[in-house]
Amino acid sequence: MSYKNYPMVSRVVFGRGSFNQLDDIIASKRLNIKAPFIFLVDDVFKGNPLISSRIPLAYDDQIMYISAKEEPKTSQVDELVEQIILSYKDRPSGIIGIGGGTILDLAKAVAIMLTNKGEARDYQGWDLVKTPAIYHVGIPTISGTGAEVSRTTVLTGPEKKLGINSDYTPFDQVILDPELTKNVPKDQWFYTGMDCYIHCIESLNGTFLNAFSQSYGEKAYDLCKAIFMEDSLSEEESQDKLMMASWHGGMSIAYSQVGVAHAMSYGLSYLLGTKHGIGNCIVFDHLEEFYPDGVKLFRAMKKKHNIQLPQGICENLHDDEFDTMIDVALSLVPLWENAIGKNWQQIITREKLKSLYQKM
Ligand code: NAD
Ligand code: ZN
């Protein structure tokens, strides 16, 4: 038995207003005045005083606004890298991602692909990256995915939706400033927050569970329960706690795995472009046979916040489309092994998955 030797984020700041320290933090990382910092920023913040006007630009630094309407693609990473290489003679001093999981994953992937040959699709998988990435910083503006702490960057490629999982993927620096999340729309807050909740349920109920994962998973679960079920928290407390729940949820799955909801949600996302947070919610709502208590509490949270999930998104799909989703879901072997155990193939048949997708 060999245990994972897991890399972590090297430095992290937490606190309301800590975004103001970005300038100080990156100053010492500037390689020279011709090696810029590139800020990849969610375009929802264009002209927004909370974020855009506070980005500390100097010399040739550049902000690239990026839409988070769609999940990141390998081709998008390649295009960004090419654009950066063509714009500057020197390799950038660093990449700074400011946004949700979509932008954080792009920042990680771009930082990796600036030092590694070929295309991003070549690195989808486990431990395929050979050269360290350039310095990269993650600044989440919405809480739940755990992308700020994870060892992966999830990308949709021409053939698969799969992360670049590597020791060079985690951020060198993360700034956790809960104030940045204050304008997240309510539905999105719920969907991305539930990503964290589902990480906990899948980790805590998986066969890979161990004391390391459990300690983080239980903490994140308790935080989620307080945030989504109790009325006593102020808005600020709730933002602070959700940011830490996301972190702990990410730490929990780092040393275990996610499960059924994630495997099936990847199928939806690959075929229909359903985004991760809402896709997980749509799937999880139908998983009471796998996670009875987790689904019960999920439904209570959904009710409390008056969230209406889309229904019937698989209603008019053809057999070959179901097959595509099922292929994607079944390819995620470690997730099934964690969720069900070594004999998962006896339980998770194509027919079983089809009947579940048909309900969604
Ligand atoms: P997101 O980044 O897709 O953003 C969702 C929406 O919220 C977007 O419209 C965005 O513009 C908006 N938004 C973000 N911050 C805002 C703010 N402060 N105010 C107003 N609007 C704001 O959402 P997400 O759920 O954080 O990320 C989903 C992505 O994360 C998926 O691509 C998924 O694959 C990835 N993911 C990665 C990991 C990982 O470990 N790398 C884990 C889970 C999910
Ligand atoms: Zn997730």
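Indexing begins at 1, ligand by ligand and atom by atom, following the structure's order. Values below: all heavy atoms of this structure, side chains included; hydrogens, waters and symmetry mates excluded.
- Within D195, the N/O/S atom positioned nearest the Zn ion (ligand 2) carries the name OD1.
- Distances shorter than 4.0 angstrom occur between a heavy atom of P72 and an atom of ligand 1.
- With atom 25 (O) of ligand 1 as the reference point, the heavy atom nearest to it among V154, T156, T192 is part of T192.
- Among protein heavy atoms, the minimum distance from atom 42 (C) of ligand 1 is reached at T145 O, 3.3 Å.
- At least one heavy atom of F45 sits less than 4.0 Å from an atom of ligand 1.
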Exercise for review: Would you check, one step at a time, whether the test side chain to side chain donor-acceptor pair (under 3.5 Å) holds for N280 with S265?
Suggested key: CA-CA 5 Å; N280 282 351; S265 166; 2.9 Å; yes
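- For the pair I26 and Y135, the minimum side-chain heavy-atom distance is below 4.5 Å.
- Residue contacts with ligand 1: P185 is included, with a non-hydrogen atom under 4.0 Å away.
- The closest protein non-hydrogen atom to atom 14 (C) of ligand 1 is T141 OG1, 3.7 Å.
- Cation-pi geometry between K161 and Y266 is satisfied (NZ or CZ under 6.0 Å from the ring centre, within 45° of the ring normal).
- If you put the vertex on the Zn ion (ligand 2), NE2 of H262 and NE2 of H276 sit 100° apart, to the nearest 10°.
- The option with the heavy atom closest to atom 30 (O) of ligand 1, from among A147, G101, G279, is G101.
- Looking at H199 and the Zn ion (ligand 2) together, the shortest N, O or S contact belongs to NE2.
- Classification of D285 and K302 as a salt-bridged pair holds, one side-chain N sitting under 4.0 Å from a carboxylate O.
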